[in-house]
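Working notes for the structure below.
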Amino acid sequence: MIMKFCSDCGTAVTLKIPPGDSLPRYVCDNCGMIHYQNPRMVVGCIAEWEDRILLCRRAIEPRYGLWTVPAGYMENGETTQAGAIRETLEEANARVEIGTLYALYNIPHINQVYLLFRARLLDLDFEAGAETLEARLCAEHEIPWDELAFATVRNTLRHYYSDRRDGEYRFHMGTIEPVRKS
């Protein structure tokens with residue numbers, strides 16, 4: 001993200017390597033404030049009910065109209081688990097009990113880290129939230145694979161169903177690289 005002005009004093013900032021650092025940062029030449037920009041954390045869950053999982057069809061960009069698991073940006077002051085619970089409630093009005101961390105994906109080209117948990121859906125009283133066109137439970141054969149919004153979700157669900165067939169859920173970690181245009 002490009003920064004032009006200091007959020008502390010309003011003076012223009014300069015991109016440079018501050019003393020004692022090794023990476024360029026936006027630095028205010030007036031007040032000396034160093035503005036660190038770090039990856040955004042995306043948290044969410046695979047909300048399970050029997051042999052089905054909860055999917056949400058996005059009502060916002062990016063990837064409007066495509067399907068995903070409930071997930072979104074973590075807020076300051078919350079844990080990863082609390083963020084996954086909040087996002088599931090916001091996107092599908094669904095209540096979950098968070099289980100184990102299931103997948104971690106680095107997406108360095110867009111400064112994101114995805115953390116997806118397995119979770120147990122507490123009841124069937126759910127509906128689309130403000131950022132969702134539709135929320136529904138899907139068995140594996142009902143997953144709209146060609147309409148999934150994000151590579152992180154596609155990879156995670158492939159691992160999830162493979163692990164389910166194997167009878168053992170393992171932790172998965174990977175990196176999503178940018179799509180090369182030819």
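Taking a cutoff of 4.0 Å between a charged side-chain nitrogen and a carboxylate oxygen, E140 and R165 qualify as a salt bridge. By the 4.0 Å N-to-carboxylate-O rule, R86 lies close enough to E90 to be salt-bridged with it. Salt bridge E97/R120: present, at least one basic N to carboxylate O contact under 4.0 Å. One finds no salt bridge joining R164 and D51 here, because no Lys/Arg side-chain nitrogen approaches an Asp/Glu carboxylate oxygen to under 4.0 Å. Electrostatic pairing of K16 and D21 does not count as a salt bridge here, judged by no charged N lying under 4.0 Å from a carboxylate O.
Using a 3.5 Å distance cut-off with no hydrogens or angles, the side chains of E87 and Y73 do not pair a donor with an acceptor.
The CD1 atom of I53 sits 10.0 Å away from atom SG of C45, with the distance rounded to the nearest 0.5 Å. Of the inter-residue distances, the one linking T68 atom OG1 with E131 atom CD reads 11.5 Å to the nearest 0.5 angstrom. The distance from atom CD1 of I107 to atom OG1 of T175, rounded to the nearest 0.5 Å, is 9.0 Å. To the nearest 0.5 Å, the span separating CG on L101 from CE on M173 amounts to 10.5 Å. Taking CG of N93 as the reference point, atom CD of E127 lies at 5.0 Å (rounded to 0.5 Å). We find the SG-CG distance between C31 and D8 to be 5.0 Å, quoted to the nearest 0.5 Å.
Grouping the Ile, Leu, Val, Met, Phe, Trp and Tyr side chains by contacts below 4.5 angstrom, directly or via other members, places L122 apart from I46. Under the 4.5 Å side-chain heavy-atom criterion for ILVMFWY residues, a single connected hydrophobic cluster contains both M74 and V96.
Tested against D163 for a side chain to side chain donor-acceptor pair (under 3.5 Å), the candidates R118, R170, R158 yield a single pass: R170.
When all heavy atoms are compared, the tightest approach of R58 to A149 is CD-CB, 3.8 Å.
A donor-acceptor pair under 3.5 Å is absent between the side-chain atoms of R57 and the main chain of Y64, judged by distance alone. Put simply, the side chain of T88 never gets that close to the backbone of A94: no donor and acceptor are under 3.5 Å apart. Under a 3.5 Å cut-off, the side chain of R95 and the backbone N or O of D125 do form a donor-acceptor pair. Side-chain N or O atoms of E61 include one that pairs as donor or acceptor with a backbone N or O of R63 at under 3.5 Å. Side chain of T132 to backbone of A135: no donor-acceptor contact under 3.5 angstrom is found.
Ring centroid separation for the pair Y26 and Y36 does not come in under the 6.0 Å cut-off.
By the 6.0 Å contact criterion, CG on D146 is open, its count of non-hydrogen atoms from other residues, nucleotides or ligands being 12 or less.
In this pair, H159 and H172 present their aromatic rings parallel. The plane angle is below 30°, not in the 30 to 60° band.
A cation-pi arrangement is present between R136 and W67, with the terminal nitrogen or guanidinium carbon under 6.0 Å from the aromatic centre and inside a 45° cone about the axis.
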